[in-house]
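This report concerns only the one structure given below.
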There are 2 protein chains.
Amino acid sequence: MAGFLGQYEYQLDQKGRVSLPADYRRRADDSRFVLLQWEATHLTLFPVSTWEGVQQRLLDLRRGGSAVARHLRQITARAVEVEPDKQGRILIPGWLKEGAGLDGSALLIGALDRIEVWDPERFAAAAPDPGQESEELEAAVYEIFG
Amino acid sequence: MAGFLGQYEYQLDQKGRVSLPADYRRRADDSRFVLLQWEATHLTLFPVSTWEGVQQRLLDLRRGGSAVARHLRQITARAVEVEPDKQGRILIPGWLKEGAGLDGSALLIGALDRIEVWDPERFAAAAPDPGQESEELEAAVYEIFG
DNA sequence: GGTGGTTGTGGGGAATAGTGGGTAAGAGTG
DNA sequence: CACTCTTACCCACTATTCCCCACAACCACC
């Protein structure tokens, strides 16, 4: 099955809720999601079925006892399990809105097995500059799409 | 099932009680927990079902008779079994509050299979500085989230 | 071109969650 | 045995969260 695709810009209401595109709701095999910030720029929304695999890898890494394992709490502390209400909206906690720079509206991006939640301006700014990086991207993309 | 996630800052009342987030209470398969300090910085709260595995590993280690095994009592001495009251609060003994630097308020952190109890300022100070450590963390995290 | 369903958006009201404190039972001490 | 201090249970208050109803825009389909 094709994963999450496309982009939707929705309002973030005064209670901190955003609609989840109906298309995404239908595609997800589970109605529950894990919303977390593991990159500084944006939030990521995993269906719980996908999240479980991630969680297992996190547990394995922590049990390994490496130096970085001690900081994993910084990741899990920035996560919540959310479930859309009857109208298909999820509530984004204040501390996550702040971290992702969300105010007013949110851009929902389909990213195959997950959904990303961006502040529209940040997303525009995150596009690669025409230059070296963009050339590398182009080359990689050519190899994939053939 | 998704484990314990997120962060909640609650008051620590004059009797030394803290509310356990309702979400955590629902998630735990058992209402009883083991609260202990095994790291200098904070306290950790294990559901008894999870604790049993830890306890088994402690017993195995002690039976192994290694040098460190002789100091395990320093760990178990800093532990208590707690159970939330009807309002969902647990009582933190004075000697544990002191060791974790708790006063006024407590930050409850979801860490997948366990819950951590931090002094808010200490938690902020424990965040990895932008630098080598933070880069390693980012790299490890990228590998996990792909 | 109407018509019915679906989708995003707004807001009111009930249930729940966190917080404070009073009082009784229990443990430890002299 | 009496006294004190701690722990546990209970009642009450307030703010937040969650659930539900309702509207309006859009699309598809007769």
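Protein chains get the first letters and strands the later ones, always in sequence-line order, with residue 1 at the start of each.
- Rounded to whole Å, atom C1' of D:dC18 lies 16 Å from atom CD1 of A:Ile92.
- Residue A:Gln87 contributes atom CD, which lies 9 Å from atom P of D:dC21 at whole-angstrom precision.
- Here the C1' atom of nucleotide C:dT16 and the CG atom of B:Asp23 are 13 Å apart, to the nearest Å.
- In this model, a donor atom of one side chain and an acceptor atom of the other lie less than 3.5 Å apart for B:Thr44 and B:Trp38.
- Remark: B:Ser19 is in phosphate contact with C:dT19, judged by side-chain N or O atoms under 4.0 Å from OP1 or OP2.
- Salt-bridge check for B:Glu136 with A:Arg70: failed, with every basic side-chain N at 4.0 Å or more from each acidic carboxylate O.
- Under 4.0 Å is where a charged nitrogen must lie from a carboxylate oxygen, and between B:Asp13 and B:Lys15 no such pair does.
- Atoms CG and CG, on A:Leu91 and A:Asp85 in that order, are 9.0 Å from each other to the nearest 0.5 Å.
- With hydrogens and angles ignored, the 3.5 Å screen pairs no side-chain donor or acceptor of A:Arg73 with any backbone N or O of B:Ile109.
- The backbone N or O of A:Leu5 lies less than 3.5 Å from a partner atom in the side chain of A:Tyr24, making a donor-acceptor pair.
- In this structure, B:Arg26 reaches the C:dA17 phosphate: one of its side-chain N or O atoms is under 4.0 Å from OP1 or OP2.
- Using modelled atom types, one finds no donor on one side chain facing an acceptor on the other under 3.5 Å when comparing B:Asp113 with B:Thr50.
- A straight line from OH of B:Tyr24 to P of C:dG18 spans 11 Å, rounded to a whole angstrom.
- An end-to-end axis angle of 30° holds for the helix from C:dG1-D:dC30 to C:dG30-D:dC1, taken from five base pairs per end and rounded to 10°.
- At least one side-chain heavy atom of A:Leu36 sits under 4.5 Å from a side-chain heavy atom of B:Phe145.
- With rounding to whole Å, B:Asp85 atom CG is found 9 Å from D:dA8 atom P.
- Rounded to an integer number of Å, the gap from B:Trp95 CH2 to D:dT7 P is 9 Å.
- Between B:Glu83 atom CD and D:dC9 atom C1' there is a gap of 13 Å when expressed in whole angstrom units.
- Of the residues in residues 3-18 of chain B, those lying under 4.0 Å from DNA chain D by heavy-atom distance are B:Lys15, B:Arg17.
- Of the N and O atoms on the side chains of B:Ser49 and B:Asp29, at least one donor lies less than 3.5 Å from an acceptor on the other residue.
- Computed from coordinates, the B:Arg89 CZ to D:dC11 C1' distance equals 11 Å when rounded to whole Å.
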